[in-house]
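To start, the structure itself, in structure tokens.
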Amino acid sequence: MLRLCWLMLPAIAAKLCSNSSIPCVQLPHGVQMPMVALGSWRGSYKDCADNNYSCAQEHARQAVQSWLQSVGGTHVDTANDYRTQVQVGEALKASGLAREEAFVTTKCPGAIGFNATLQCIEDNIQMLGFYSEEKPYIDLVLVHFPFAIKPECNGVTGGSECEAPYYDPGSEVHRETWAAMEFALRMGRVRAVGLMEISDFAEKPAVNQVEWHPYHHDDQLKAFCDAHGIAVEAWSPLSGQNASALSDPTVKEVAAKYNVSTAQVVLRWSLQQNVSVVVGTEKVDHMKTDLELFSFQLTASEMQSISKLRSLSGQIFV
Ligand SMILES: NC(=O)c1ccc[n+]([C@@H]2O[C@H](COP(=O)([O-])OP(=O)(O)OC[C@H]3O[C@@H](n4cnc5c(N)ncnc54)[C@H](OP(=O)(O)O)[C@@H]3O)[C@@H](O)[C@H]2O)c1
């Protein structure tokens, strides 16, 4: 089954991309999405324990403000699941950027039905502080998971009731969830929506955010998205918290050739396939180099060698 983080987005756009050195990917309805985003998930911060949301929130506030104010980033990624929307909104305000100079992605948690999805979108607009705007909107909203989580198990680890916290609520709830996304689109809270698995829906996803790095990439899914005009966006593009791809000998060799960091090579490998990236870091030095990806170009054979690391990593991908 194709795993989707479905989304919907509204757009405003042009200024965001014309004033920035970071390229944008063109999405439906005239929306332009900057191809390098900063994530705000707890797992991106090394010293935050599982479910320590206050820790993640403090890191996110600092990191997002640096990203927007000092480093020149414009795109930030958050989610209900991360609980960092308030801090992202406050950091955006503190950065001095106008609303239309930033692109904010957020996510609603899975297949939760019509009313809950609409409520989630409204709550995100509220948490992000966008109701102070004349026309409040979120740039991109994703349906985070292709399943549902028992609400009583959110943020809970262990306990017999939450041993199996995930479930499939059935196709009707999936349909209703997507119908709510389309409704929010018509309401102007978002500008594009989509869904691949149910063909009688009006919109297809504009973006599919999936795990994507040299050790984990689904080229078949990418080909499918390309064929249907769906932009692919990478989460954990550096291979996640321990970033093991950054010490891979193949990646190191290419980095030495161009005199860039291994992180730059790995991110460039995604961008060169037209895959946008959502990086996780709170270090300003890392943020800066994570944006300096456009002064070198990998050859076809370097691209291929890095792509092949997936089959060498011994992981099984479904
Ligand atoms: N849709 C989903 O289901 C989903 C799932 C997971 C994540 N995400 C999104 O993706 C974002 C990123 O995910 P992630 O944190 O797992 O993955 P990642 O960006 O692949 O890896 C983060 C790691 O890379 C390191 N790093 C970043 N820039 C670096 C650089 N220039 N040089 C060396 N190391 C560098 C960071 O360490 P330092 O702290 O030392 O910089 C951190 O340990 C999340 O915050 C979230 O927004 C989405």
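As the structure lists them, so they are numbered: ligands from 1, and atoms in each ligand from 1. Everything numeric here is computed off the predicted structure, so don't read it as measured data.
- If you check each of Gln241, His144, Gln264 against atom 43 (O) of ligand 1, the one with the closest non-hydrogen atom is Gln241.
- Counting heavy atoms closer than 4.0 Å to ligand 1, residue Phe145 contributes nothing at all.
- Looking at Glu302 and Lys257, a side-chain N of the basic residue comes within less than 4.0 Å of a carboxylate O on the acidic one, giving a salt bridge.
- Each of the atoms 33 (C), 34 (N) of ligand 1 lies under 4.0 Å from some heavy atom of Leu246.
- Considering Gln32, Arg99, His75 as possible partners of Asp139, the one that fulfils the side-chain hydrogen bond (donor to acceptor under 3.5 Å, both in side chains) test is Arg99.
- If you look at Lys46 next to ligand 1, the close heavy atoms, those under 4.0 Å, all belong to the side chain.
- For a threshold of 3.5 Å applied to N or O pairs, the pair formed by Leu238 and ligand 1 contains at least one separation below that value.
- Where the criterion is an N or O separation shorter than 3.5 Å, residue side chain and backbone included, Glu282 fails it with respect to ligand 1.
- A salt bridge is absent between Asp81 and Arg42; no separation between the charged side-chain nitrogens and carboxylate oxygens falls under 4.0 Å.
- Both the backbone and the side chain of Ser236 come within 4.0 Å of ligand 1, judged by heavy-atom distances.
- Against a heavy-atom cut-off of under 4.0 Å, Ser44 is close to the following atoms of ligand 1: 12 (C), 13 (O), 14 (P), 15 (O), 44 (C), 45 (O).
- Hydrophobic clustering (side-chain heavy atoms under 4.5 Å, transitive across Ile, Leu, Val, Met, Phe, Trp, Tyr) keeps Ile230 apart from Val278.
- The part of Ser40 lying near ligand 1 is the backbone, judged by heavy-atom distances below 4.0 Å.
- Checking only distances, Gly43 never comes within under 3.5 Å of ligand 1, N or O to N or O.
- Neither the backbone nor the side chain of Asp285 has a heavy atom within less than 4.0 Å of ligand 1.
- Sparse packing is recorded around NZ of Lys252, with 12 or fewer heavy atoms of other residues, nucleotides or ligands lying under 6.0 Å away.
- Tyr45 does not count as a contact of ligand 1, since none of its heavy atoms falls under 4.0 Å from the ligand.
- If you take OH on Tyr258 and OG1 on Thr299, they are separated by 5.0 Å, rounding to the nearest 0.5 Å.
- For Val279, no nitrogen or oxygen atom sits less than 3.5 Å from a nitrogen or oxygen atom of ligand 1, counting backbone and side chain alike.
- For NZ of Lys93, the number of neighbouring non-hydrogen atoms (other residues, nucleotides, ligands) closer than 6.0 Å is 12 at most.
- For the pair Ser239 and ligand 1, a heavy-atom separation below 4.0 Å is found.
- Between Tyr45 and His59, the ring-plane angle classifies as parallel under the 30° and 60° cut-offs.
- The distance criterion of under 3.5 Å between nitrogen or oxygen atoms is met by Gln209 with respect to ligand 1.
- When only modelled atom types and interatomic distance are considered, Gln119 and Asn115 share no side-chain donor-acceptor pair under 3.5 Å.
- Near Asp290, the atoms of ligand 1 lying under 4.0 angstrom from a non-hydrogen atom of the residue are 27 (C), 28 (N), 29 (C), 30 (C), 31 (N).
- Listed for the Asn52 side chain is no donor-acceptor partner under 3.5 Å among the backbone atoms of Cys48.
- Looking at ligand 1, you'll find an N or O of Gly280 within less than 3.5 Å of one of its N or O atoms.
- For Met287, the closest heavy-atom approach to ligand 1 does not fall below 4.0 Å.
- Aromatic rings from Tyr53 and Tyr82 are positioned such that their centres are separated by 6.0 Å or more.
- Using modelled atom types, one finds a donor on one side chain and an acceptor on the other under 3.5 Å when comparing His213 with Glu211.
- Heavy-atom contacts of Ala263 reach the following atoms of ligand 1: 30 (C), 31 (N), 32 (N) (cutoff under 4.0 Å).
- Closest heavy-atom approach to atom 12 (C) of ligand 1 among the candidates Val278, Leu291, Asp77: Val278.
- Neither side chain, Gln304 nor Ser307, offers a donor N or O lying under 3.5 Å from an acceptor on the other.
- Under 4.0 Å from ligand 1, the heavy atoms of Thr289 that appear belong solely to its side chain.
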